[in-house]
Amino acid sequence: MRVHVTRRGGLAGVALHATLDTAQLTAADATRAETALRNLPWDRLAAEPTGADRFRYEVVTAEGGHERHVELSETEVPDALRPLLALLPDHGQIRRASG
Amino acid sequence: MTAPYAQHCILPPGLLYRLARCDEEALRDAALNALALDGRFRLARAESAARLLQLPRPVTFAWIGGQPQRTIYDQQHSESQTPGVVMRVEGQAPSKDQAVNQAYDGLGATYSFYWTVFERDSIDGASMPLLGLTHYGRRYPNAFWDGAGHMFFGDGDGRILTQTTAGIDVIGHELTHGVIQHEANLTYSGQSGALNESVSDVFGIQVKQYALGQDVHSSDWLIGADVVGPLLRPALRSMKQPGTANPYDDQPADMNGYVPGGDVHINSGIPNHAFYVVATTLGGHAWDAAGPIWYAALADPQLRPNATFRDFARITVRHARQTYGASSDQTHAVQQGWEAVKVPLC
Ligand SMILES: [Zn+2]
């Protein structure tokens with residue numbers, strides 16, 4: 001399952017974008033990540049987390065023909081998605097935060 | 001509630017503010033002096049009113065401040081939100097872990113700055129313990145304040161950020177988010193969010209300047225220069241020239257470049273540069289006058305959680321007038337700072 005992930009916020013304030021595929025994970029991690037992705041609260045914005053400089057993730061999928069978005073604060077990320085998001089540092093491209 | 005102004009004031013403050021903005025210099029100065037005096041009374045009342053809404057501060061008869069209470073933890077690369085293994089507590093000898101010692105020293109330097117310059121005893125002004133949580137997450141390229149008394153530091157991903165405890169300005173920045181939460185509690189979105197970010201940079205850079213003994217001309221006014229990875233070199237942000245700190249930096253330097261709906265770390269360039277202009281116009285150390293004016297504005301009960309840049313700017317000008325006089329260099333410098341970034345004062 002392919003998803004477009006953008007991480008925003010954080011102390012640095014730069015956006016990091018990558019297209020990630022659960023096929024990049026081990027079979028067990030991929031199954032868990034796909035279940036977690038299907039159960040995300042789609043079409044919703046992130047809750048405003050307390051504190052400051054925390055990351056937010058925007059996840060977009062075109063699975064099933066129509067595009068769906070969800071925004072998650074880093075405290076809302078399901079544990080089963082963490083192995084997929086861990087690919088972001090090495091695969092992500094920086095985008096200007098205002099773009 | 002009775003009308004507070006009736007007790008001692010003939011002119012309503014709205015009229016005084018209009019007079020204070022008029023072109024007739026003598027009238028303007030008289031109005032400003034009246035406002036400054038009246039402002040002090042109203043400030044004192046607002047402060048006592050604000051305190052009634054909060055938990056009372058502890059009353060002690062022999063207040064002993066000036067001593068931080070640090071505890072540094074190792075999160076052992078977990079993303080748990082609760083403190084992990086205790087590595088170093090106040091007064092203990094250095095650990096073998098460099099990040100732990102950097103966090104300990106950086107929090108100590110930040111505490112010293114707030115205590116020596118503003119007589120502020122820790123994050124809450126009442127000797128709150130300083131809890132630094134290091135090695136958070138795996139290759140986590142960030143440091144943050146969690147809103148619940150903890151400063152988290154990641155080891156960095158090696159591309160965007162490296163070990164975040166290496167930046168004393170970063171540690172000052174995160175601790176200042178805690179100070180803000182205990183003062184104006186600026187809402188973390190829109191202009192109030194960008195102000196929240198800017199105030200953290202403003203005090204973060206002063207912590208670095210203070211620790212290094214730098215004056216306004218020897219500082220590079222860069223945020224995060226010691227923690228950036230190769231992609232973001234040489235720094236995260238420049239208070240001197242917002243938008244030039246690295247190839248991806250798109251901070252505006254004035255209101256013409258304000259990004260509607262932009263990340264709080266983008267538009268913070270505007271008030272950041274205002275502070276830079278004020279401090280460098282005055283010369284000496286940033287904490288001689290510019291820092292105290294910004295601190296007084298942050299601690300002013302009239303600074304509301306949803307404050308705009310203009311609200312904050314006007315409070316800095318009022319404090320400059322009250323402390324240094326309406327025609328002082330300090331007041332003129334503050335006005336110039338906001339003018340330079342095109343934030344209107346009226
Ligand atoms: Zn921040």
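Per chain, numbering begins at 1; letters A, B, ... match sequence-line order.
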Ion pair check, B/Asp263 and A/Arg56, cut-off under 4.0 Å: yes

B/Gln98 atom CD, over 12 foreign heavy atoms within 6.0 Å: no

B/Asn142 side chain to A/Gly10 main-chain N or O, any donor-acceptor pair under 3.5 Å? no

Is the count of non-hydrogen atoms from other residues, nucleotides or ligands lying under 6.0 Å from A/Arg44 atom CZ greater than 12? yes

If one checks every heavy atom of B/His150 against chain A at 4.5 Å, the contacting part turns out to be neither

Using non-hydrogen atoms and a 4.5 Å limit, figure out which bit of B/Val170 sits close to chain A: side chain, backbone, both or neither. side chain

Are B/His265 and A/Val14 packed together at the side-chain level, in the sense that at least one heavy-atom pair is separated by less than 4.5 angstrom? no

Taking CZ in A/Arg7 as the centre, count heavy atoms belonging to other residues, nucleotides or ligands within less than 6.0 Å. Is the count above 12? yes

I would like to know whether A/Asp90 and B/Arg139 meet salt bridge (charged side-chain N to carboxylate O under 4.0 Å, His left out); could you show each step before the answer? CA-CA 10 Å; A/Asp90 288 326; B/Arg139 299 176 63 205; 3.1 Å; yes

Inspect the surroundings of CD in B/Gln81 and state if more than 12 heavy atoms from other residues, nucleotides or ligands are less than 6.0 Å away. yes

Flag the one option from B/Pro141, B/Gly224, B/Ser189 with the top tally of heavy-atom pairs under 4.5 Å to chain A. B/Pro141

Test item: B/Tyr248 side-chain N/O and A/Ala15 main-chain N/O as donor-acceptor pair under 3.5 Å: no

Looking at every non-hydrogen atom in both residues, tell me the closest pair between A/Ala12 and B/Ile160 and how far apart they are. CB-CG2, 4.3 Å

Contacting region of B/Tyr140 [heavy-atom separation from chain A under 4.5 Å]: side chain

Counting heavy-atom pairs under 4.5 angstrom with chain A, the leader among B/Ala143, B/Gly158, B/Gly147 is B/Ala143

Kindly compute the distance separating CD (B/Glu79) from CZ (A/Arg82), expressed to the nearest 0.5 Å. 4.5 Å

Winner by heavy-atom pair count (cut-off under 4.5 Å) against chain B, out of A/Ala52, A/Gly51, A/Pro89, A/Gly92: A/Ala52

When rounded to the nearest 0.5 angstrom, what distance separates CD in B/Glu174 from CG in A/Asp53? 4.5 Å

Between A/Thr50 (side chain only) and B/Ala148 (backbone N and O only), is there a donor and an acceptor less than 3.5 Å apart? no

Under a 4.5 Å cut-off applied to non-hydrogen side-chain atoms, are A/Arg54 and B/Trp145 in contact? no

Chain A contact via B/Arg159 - side chain, backbone, both or neither, heavy atoms under 4.5 Å: side chain

Sort B/Asp146 into side chain, backbone, both or neither according to what part of it lies under 4.5 angstrom from a heavy atom of chain A. both

Just verifying a value: how many Å separate B/Leu236 CG and A/Leu11 CG, rounded to the nearest 0.5 Å? 5.5 Å

Is it the case that atom CZ in A/Arg68 sees more than 12 heavy atoms from other parts of the structure closer than 6.0 Å? yes

So for B/Asp249, is it side chain, backbone, both, or neither that comes closer than 4.5 Å to the heavy atoms of chain A? backbone

Examine whether an atom of B/Gln251 lies under 4.5 Å from a heavy atom of chain A, and if so say whether it belongs to the side chain, the backbone or both; otherwise answer neither. neither

